[in-house]
Chemist: 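Here's a structure for you.
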Amino acid sequence: ATAKLTRSGQADVLMTGTTVTGSTKITGTFTLTSGGIPVAPGAWSVVVTNPTDGGSATLTDGFTVTGSAPSITTVSPSSKAQGTGGTETVNGTNYAIGTTATISGTGVTVGATTVVSATQLTFSGTVAAGATPGTRNVTVTNTDGQATTCTGCFTVPRLDTISIDP
């Protein structure tokens, strides 16, 4: 028999070292990282398949991956001028596959988040030409809803216009 963990939007986690004892017990190991990045925390379904007849059974939300709340230590760059964009890097802890980032306020758009490692993620950020200057909060949220906010960690600087009268 084979077993795997499944969750919508996530890659399946296959059981390795499978041992079947009798008709009601299967043991093995689930590796809960992918490329060194923890899998998304939260409920996963368990699917067991019998290779003899191809039959399978699913225990919906039968396995819970627990994760710790994320943290933010740095955001770089910590400011972007109006009408600009580029890649933002957030360093911290406890990032998992599916972690997302947001920046508060209007006029700042955050693209898809890429989890580089358990301690770093990146995303593309765009500051609209008309975005209100000031400090913004950066929030990182894991798929189980645990989140952290770094207050004032991003700034849209004020661009002053200077006129010179000859």
Side-chain angles (χ1 to χ4, degrees), residues 2-19 26-49 57-82 84-128 131-157:
T2 62
K4 65 182 177 181
L5 301 176
T6 64
R7 181 173 175 174
S8 178
Q10 304 293 317
D12 290 349
V13 178
L14 303 178
M15 179 180 274
T16 59
T18 305
T19 302
I26 183 170
T27 59
T29 302
F30 290 117
T31 301
L32 300 178
T33 59
S34 178
I37 301 170
V39 298
W44 289 69
S45 295
V46 181
V47 180
V48 177
T49 303
T58 301
L59 179 59
T60 303
D61 296 340
F63 188 90
T64 300
V65 175
T66 57
S68 298
S71 70
I72 299 172
T73 54
T74 62
V75 176
S76 178
S78 60
S79 68
K80 275 196 175 46
Q82 295 164 318
T84 65
T87 300
E88 291 291 321
T89 300
V90 179
N91 292 302
T93 59
N94 302 321
Y95 303 152
I97 295 170
T99 297
T100 60
T102 58
I103 296 178
S104 66
T106 57
V108 178
T109 303
V110 172
T113 303
T114 300
V115 179
V116 177
S117 70
T119 60
Q120 186 177 78
L121 57 86
T122 62
F123 60 87
S124 61
T126 305
V127 179
T132 303
T135 59
R136 308 292 179 98
N137 302 331
V138 177
T139 300
V140 172
T141 306
N142 283 342
T143 58
D144 63 353
Q146 293 187 86
T148 188
T149 298
C150 185
T151 304
C153 283
F154 184 83
T155 302
V156 176

Chemist: Do K4 and V13 come close enough that some side-chain heavy atom pair is under 4.5 Å?
Modeler: no
Chemist: Before giving the answer on side-chain hydrogen bond (donor to acceptor under 3.5 Å, both in side chains), spell out for T122 and T87 the whole-Å C-alpha distance, their side-chain angles and the decisive distance to 0.1 Å.
Modeler: CA-CA 7 Å; T122 62; T87 300; over 6 Å; no
Chemist: Grab the two heavy atoms, one from V115 and one from A96, that are nearest each other, plus how far apart they are.
Modeler: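 Smallest heavy-atom distance, with atoms named: CG2-O, 3.3 Å.
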Chemist: Are S117 and T119 close enough, and set up right, to give a side-chain hydrogen bond (donor to acceptor under 3.5 Å, both in side chains), and what steps lead you there?
Modeler: CA-CA 5 Å; S117 70; T119 60; 3.2 Å; yes
Chemist: Please evaluate residues T73 and N91 with respect to the criterion side chain to side chain contact (heavy atoms under 4.5 Å, CB included), reporting the C-alpha separation (whole Å), side-chain torsions for both, the decisive distance (0.1 Å), and the verdict.
Modeler: CA-CA 6 Å; T73 54; N91 292 302; 3.7 Å; yes
Chemist: What's the separation between atom CD1 in I97 and atom OG1 in T114, rounded to the nearest 0.5 Å?
Modeler: 12.0 Å
Chemist: Evaluate the side-chain proximity of S76 to E88: yes if any heavy-atom separation is below 4.5 Å, no if none is.
Modeler: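 Result no, sub-4.5 Å side-chain heavy-atom pair not found.
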Chemist: Decide yes or no on side chain to side chain contact (heavy atoms under 4.5 Å, CB included) for V108 and T126, but give the supporting numbers first.
Modeler: CA-CA 6 Å; V108 178; T126 305; over 6 Å; no
Chemist: Side chains of residues 28-47: which donor-acceptor pairs under 3.5 Å do they make with residues two or more places apart or in other chains?
Modeler:
unit_1, atom_1, unit_2, atom_2, d
W44, NE1, A40, O, 2.9
S45, OG, D61, N, 3.1

Chemist: For I103 and F123, what are the C-alpha separation, side-chain angles and deciding distance, and is it a side chain to side chain contact (heavy atoms under 4.5 Å, CB included)?
Modeler: CA-CA 11 Å; I103 296 178; F123 60 87; 4.0 Å; yes
Chemist: State, to 0.1 Å, how close A147 and T141 come at their nearest heavy-atom pair, and which atoms those are.
Modeler: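 In terms of heavy atoms, the two residues are closest at CB-OG1, 3.5 Å.
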Chemist: Is the shortest heavy-atom distance from the side chain of V90 to the side chain of V140 under 4.5 Å?
Modeler: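 Yes, side chains in contact.
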Chemist: Counting distance only, does the side-chain N/O of Q120 pair as donor-acceptor with the main-chain N or O of T89 below 3.5 Å?
Modeler: no
Chemist: Could you pull out the closest heavy-atom pair between T143 and G98, with the gap in Å?
Modeler: CG2-O, 3.6 Å
Chemist: Are I26 and M15 close enough, and set up right, to give a side chain to side chain contact (heavy atoms under 4.5 Å, CB included), and what steps lead you there?
Modeler: CA-CA 10 Å; I26 183 170; M15 179 180 274; 4.1 Å; yes
Chemist: Is the shortest heavy-atom distance from the side chain of Q82 to the side chain of V156 under 4.5 Å?
Modeler: yes
Chemist: Give a yes or no on whether the backbone of S79 and the side-chain of R136 come within a donor-acceptor separation of less than 3.5 Å.
Modeler: no
Chemist: Do side-chain atoms of T84 reach the backbone of A81 as a donor and acceptor pair under 3.5 angstrom?
Modeler: yes
Chemist: Could you tell me whether a side-chain N or O of T139 sits under 3.5 Å from a main-chain N or O of T102, the two making a donor and an acceptor?
Modeler: no
Chemist: Is there a side-chain hydrogen bond (donor to acceptor under 3.5 Å, both in side chains) between N137 and T149? Walk through the geometry before answering.
Modeler: CA-CA 6 Å; N137 302 331; T149 298; over 6 Å; no
Chemist: Would you say the side-chain atoms of Y95 pair up with the backbone N or O of S71, donor to acceptor, closer than 3.5 Å?
Modeler: yes
Chemist: Using atom types as modelled and distance alone, determine if a side-chain donor or acceptor of T99 lies under 3.5 Å from a backbone N or O of N142.
Modeler: no
Chemist: Whether the side chain of D12 engages the backbone of L14 through a donor-acceptor N/O pair (distance < 3.5 Å, no angle test) should be reported.
Modeler: no
Chemist: Which heavy atom of A101 sits nearest a heavy atom of V110, and at what distance?
Modeler: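 Heavy-atom minimum between the residues: O-CG1, 3.3 Å.
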